[in-house]
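One structure is given here, and the rest of the page talks about it.
Numbering starts at 1 and runs along the sequence shown.
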Amino acid sequence: MKRFLLLVLVSISLSSCAELEQISREIANSAAVTDQQIANGLQQALSKGVNEQVSKLAEENGFYTNDLVRIKLPEELSGVESTMRSLGLGNLADEGIKALNTTAQQAVKEATPIFLSAIREMTFEEARTILLGEKTAATAYLRDKTQTELYQRFEPIVRDNFQKVGADQIWENVIQKYNQVPFTSSVNPNLTDYVTNEALKGVYKMIELEEQQIRNDVKERSTNLLRQVFALQD
């Protein structure tokens, strides 16, 4: 019985030592990571999100074929779509939806330099707060820093591209036909503002996706710096 108790005590002691050693190692690693490294790591992670995710949205059909960010019709046009399909004009509705997504795709090409500028301006304090904050803290930082400027850059591009991709004519035709249907309320939505805001939502959605992957999946930390810095938040 005494030998059994002795073995238990030794086992507990060894387990405690192992835990203390692990805690000590984590504290040492944390102390070894400088504010500069944390800032560099966050900048690297955000740049990875921009380059690997946002750039995909600027490719052909980047919005339209992406279920996460595909732009659907605004609420006030939901009746338009269903009515057009019931009248056998589903192809026209599909063409209109694709035109909206193509317009957003063109605008996103302007996003990268704005994001990279905001990333470079990140302070040490902001970087540490982001790292140890919520799982989408980095995306929230970028949204706060860039949303106003991006809207200002996106809106005229969306407006111009409505003409270039023929979306203005498509939707003028769709809405004109819809407004001629008996017993329907006339609609005339501001599609430029709607698509601009939906494009912004898509951009931040893809950055958020990349951030969560880096935070949650060690395999997504593709550099030593990313592994070292994000180990602090695990």
Side-chain angles (χ1 to χ4, degrees), residues 16-59 62-63 66 68-69 104 107-157 196-234:
S16 299
C17 287
E19 291 177 1
L20 288 172
E21 183 179 351
Q22 175 66 21
I23 293 171
S24 177
R25 189 182 304 115
E26 291 177 358
I27 292 174
N29 288 339
S30 176
V33 179
T34 66
D35 285 340
Q36 183 67 64
Q37 287 173 311
I38 291 174
N40 290 345
L42 261 295
Q43 290 170 346
Q44 192 174 101
L46 286 170
S47 297
K48 185 174 185 287
V50 171
N51 293 324
E52 294 189 10
Q53 297 293 348
V54 177
S55 59
K56 293 178 183 178
L57 298 179
E59 297 174 358
F63 275 85
N66 187 330
L68 293 175
V69 299
V108 166
K109 295 176 182 179
E110 296 291 313
T112 298
I114 296 173
F115 280 134
L116 295 180
S117 176
I119 291 168
R120 286 192 296 268
E121 293 172 0
M122 184 186 299
T123 67
F124 294 153
E125 183 178 353
E126 287 172 331
R128 185 173 285 276
T129 299
I130 291 168
L131 178 65
L132 301 178
E134 298 294 328
K135 293 297 185 181
T136 59
T139 306
Y141 165 84
L142 272 187
R143 184 183 291 108
D144 180 63
K145 295 290 185 180
T146 64
Q147 190 163 15
T148 299
E149 184 177 0
L150 280 179
Y151 184 93
Q152 293 170 349
R153 293 281 287 272
F154 276 25
E155 198 272 344
I157 296 171
T196 300
N197 282 306
E198 290 300 300
L200 287 173
K201 289 179 185 177
V203 165
Y204 295 122
K205 177 68 176 179
M206 296 308 294
I207 293 176
E208 181 180 296
L209 176 65
E210 186 68 26
E211 178 182 2
Q212 290 179 331
Q213 288 177 339
I214 292 174
R215 285 186 183 272
N216 298 330
D217 188 349
V218 176
K219 296 190 296 296
E220 292 294 325
R221 301 169 191 175
S222 54
T223 69
N224 287 334
L225 181 60
L226 286 178
R227 287 188 286 272
Q228 184 179 20
V229 168
F230 279 90
L232 299 179
Q233 57 103 67
D234 290 340

**Prompt:** With a 3.5 Å cut-off and no angle check, do the side chains of Gln36 and Asn40 form a donor-acceptor pair?
**Reply:**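 Result is yes, a qualifying pair exists.
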**Message:** Quick one about Gln212 and Thr136 (side-chain donor to acceptor, distance below 3.5 Å, no hydrogens or angles considered), yes or no?
**Reply:** no
Do [X] side-chain atoms and [Y] backbone N/O form a donor-acceptor pair below 3.5 Å?
X: Arg221; Y: Leu226; answer: no
X: Asp217; Y: Gln213; answer: no
X: Gln147; Y: Asp144; answer: no
X: Gln233; Y: Arg215; answer: yes

What are the two closest heavy atoms between [X] and [Y], and how far apart are they?
X: Ser222; Y: Lys48; result: OG-CE, 3.5 Å
X: Ile214; Y: Ala45; result: CD1-CB, 3.9 Å
X: Ala104; Y: Ala199; result: CB-CB, 3.8 Å
X: Leu200; Y: Leu150; result: CD2-CB, 3.4 Å

Nearest-0.5 Å distance that lies between atom [atom1] in [X] and atom [atom2] in [Y]:
X: Gln37; Y: Leu232; atom1: CD; atom2: CG; value: 9.5 Å
X: Asn51; Y: Lys56; atom1: CG; atom2: NZ; value: 11.5 Å
X: Leu46; Y: Leu142; atom1: CG; atom2: CG; value: 5.0 Å
X: Gln44; Y: Phe230; atom1: CD; atom2: CZ; value: 9.0 Å
X: Gln53; Y: Leu57; atom1: CD; atom2: CG; value: 8.0 Å
X: Leu68; Y: Phe63; atom1: CG; atom2: CZ; value: 11.5 Å

**Asked** Salt bridge check: are Lys201 and Glu198 linked by an N-O gap of less than 4.0 Å?
**Response**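 Salt bridge: yes.
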**Request:** Using a strict 4.0 Å threshold on nitrogen-to-oxygen distance, state whether Glu211 and Lys135 make a salt bridge.
**Result:** no
**Message:** Check whether Tyr204 forms a cation-pi arrangement with Arg143 (NZ or CZ under 6.0 Å from the six-membered ring centre, at most 45° off the ring normal).
**Reply:**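 Judged by the rule, Arg143 and Tyr204 form a cation-pi pair.
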Please list, one pair per line, the donor and acceptor atoms closer than 3.5 Å that link side chains of residues 110-125 to other protein atoms, with sequence neighbours excluded.
from   : atom 1 : to     : atom 2 : distance (Å)
Glu110 : OE1    : Arg153 : NH2    : 3.0
Thr123 : OG1    : Glu126 : N      : 3.0
Thr123 : OG1    : Glu126 : OE1    : 3.3

Is there side-chain contact between [X] and [Y], with at least one heavy-atom pair below 4.5 Å?
X: Tyr151; Y: Asn197; result: yes
X: Gln152; Y: Thr148; result: yes
X: Gln228; Y: Thr223; result: no

